[in-house]
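What's counted below: heavy atoms across the whole structure, side chains too, no hydrogens, waters or symmetry copies. Bear in mind that the values here come from a model prediction, so they are computed numbers and not experimental data. Each chain gets a letter, A, B and so on, in the order its sequence line appears, and its residues count up from 1.
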Protein chains: 2
Amino acid sequence: MAADKVFEALASRPRREILAYLSAQELTAGEIASRFAMSAPSISRHLSVLEASGLVSSERQGQFIVYRLNRDSLVNTLTGFAFEICPKAGPLKRESRKLAAKKQGA
Amino acid sequence: MAADKVFEALASRPRREILAYLSAQELTAGEIASRFAMSAPSISRHLSVLEASGLVSSERQGQFIVYRLNRDSLVNTLTGFAFEICPKAGPLKRESRKLAAKKQGA
DNA sequence: TAATTATTTAGCTACTAAGCTAATTAACGA
DNA sequence: TCGTTAATTAGCTTAGTAGCTAAATAATTA
């Protein structure tokens, strides 16, 4: 099952942060590594886990390797799971601020 | 961060299956264990991980302990993350069958 | 109170993952 | 070709997790 690898990939804060960085723009391995207090080899391993899960892809551009987010993989896995678990919930929506405030008060 | 524990909890197939069972109805620990080819203590540990993440809650009812799904926790964490990663994606929707079929053909 | 059922906790082994440094591969530029 | 930069792979240590069986706790029933 593909979901297995995706959820495993998501179970790491550094990897989720990498995805967040890549959600803004494509980045080289080095640009990603420079955003973390972690060795380049460690980031490289995280990137390979993300790539094996299908959440990111990479392309060599000369000396560099550029990583990009595969949004569809992520969205499909998360919504697929959410629908499995919350059959009656309908499309996922961010909770409105009004409603959230109401709950806080209650 | 709460998302840490949630994603860690989701990174296990048996735990995701437990959530799927609980999405249909409340179940006792024993009822859950009986659905798996795994010892009761192992299931008990999975349940405690799920509970620590906030995805399920439990209540003792006499001799039994009943577990139920906390849908809000799950939906809020997943959508929160999806919005963080896919700022332009808008509310998550299941891909329509038509569109999926089209992609298959292409 | 003693026995039974439901569940968890303790203690163990085996495996996997995360991080590091050192070494290797790949591409570029003088 | 040689040196430099970018990135990965190898090898290691440490820590965490999953599963098991056996033992303990909690509540019910005879």
Does OP1 or OP2 of [N] have a side-chain N or O of [X] closer than 4.0 Å?
X     : N     : answer
A:S48 : D:dT8 : no
B:T28 : C:dA6 : no
B:Y67 : C:dT8 : yes

To the nearest angstrom, how far is [X] atom [atom1] from [N] atom [atom2]?
X     : N      : atom1 : atom2 : answer
A:I65 : D:dT9  : CD1   : P     : 8 Å
A:R60 : D:dT5  : CZ    : P     : 16 Å
B:E51 : C:dT8  : CD    : P     : 9 Å
B:E59 : C:dA6  : CD    : P     : 18 Å
B:F64 : D:dA27 : CZ    : P     : 13 Å
A:I18 : D:dA7  : CD1   : P     : 13 Å
A:E31 : D:dA7  : CD    : C1'   : 13 Å
B:L47 : C:dA6  : CG    : P     : 16 Å

Group every Ile, Leu, Val, Met, Phe, Trp and Tyr by side-chain heavy-atom contacts under 4.5 Å, then state whether A:M38 and A:I18 land in the same group.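 Shared cluster, yes.
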Does the B:R68 side chain pair with the main chain of B:E26, one donor and one acceptor, at a distance under 3.5 Å?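 Between the backbone of B:E26 and the side chain of B:R68 there is no qualifying donor-acceptor contact (under 3.5 Å).
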Check whether A:S73 reaches the backbone of A:G54 with its side chain - one donor and one acceptor, N or O, closer than 3.5 Å.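 Flag set: sc A:S73 to bb A:G54 pair under 3.5 Å.
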When you check every protein heavy atom under 4.0 Å of nucleotides 17-22 of chain C, what one-letter string (B, S, -) results, 5' to 3'? SSSBBB
Which listed nucleotide (C:dT7, C:dA27, D:dT8) is nearest to the side chain of A:Q63?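 That would be C:dA27.
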N-O pairing of A:R35 and A:E17 below 4.0 Å: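 So A:R35 does not pair with A:E17 through a salt bridge.
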Contact summary for A:I43 and A:I32, nearest pair of heavy atoms: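 Heavy atoms of A:I43 and A:I32 come nearest at CG2-CG2, 3.9 Å.
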Aromatic contact, B:Y21 with B:F36 (centres under 6.0 Å):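 For B:Y21 and B:F36, the ring centres are under 6.0 Å apart.
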Establish, yes or no, whether a centroid distance under 6.0 Å links the rings of B:F7 and B:F81.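 Centroid separation for B:F7 and B:F81: below 6.0 Å.
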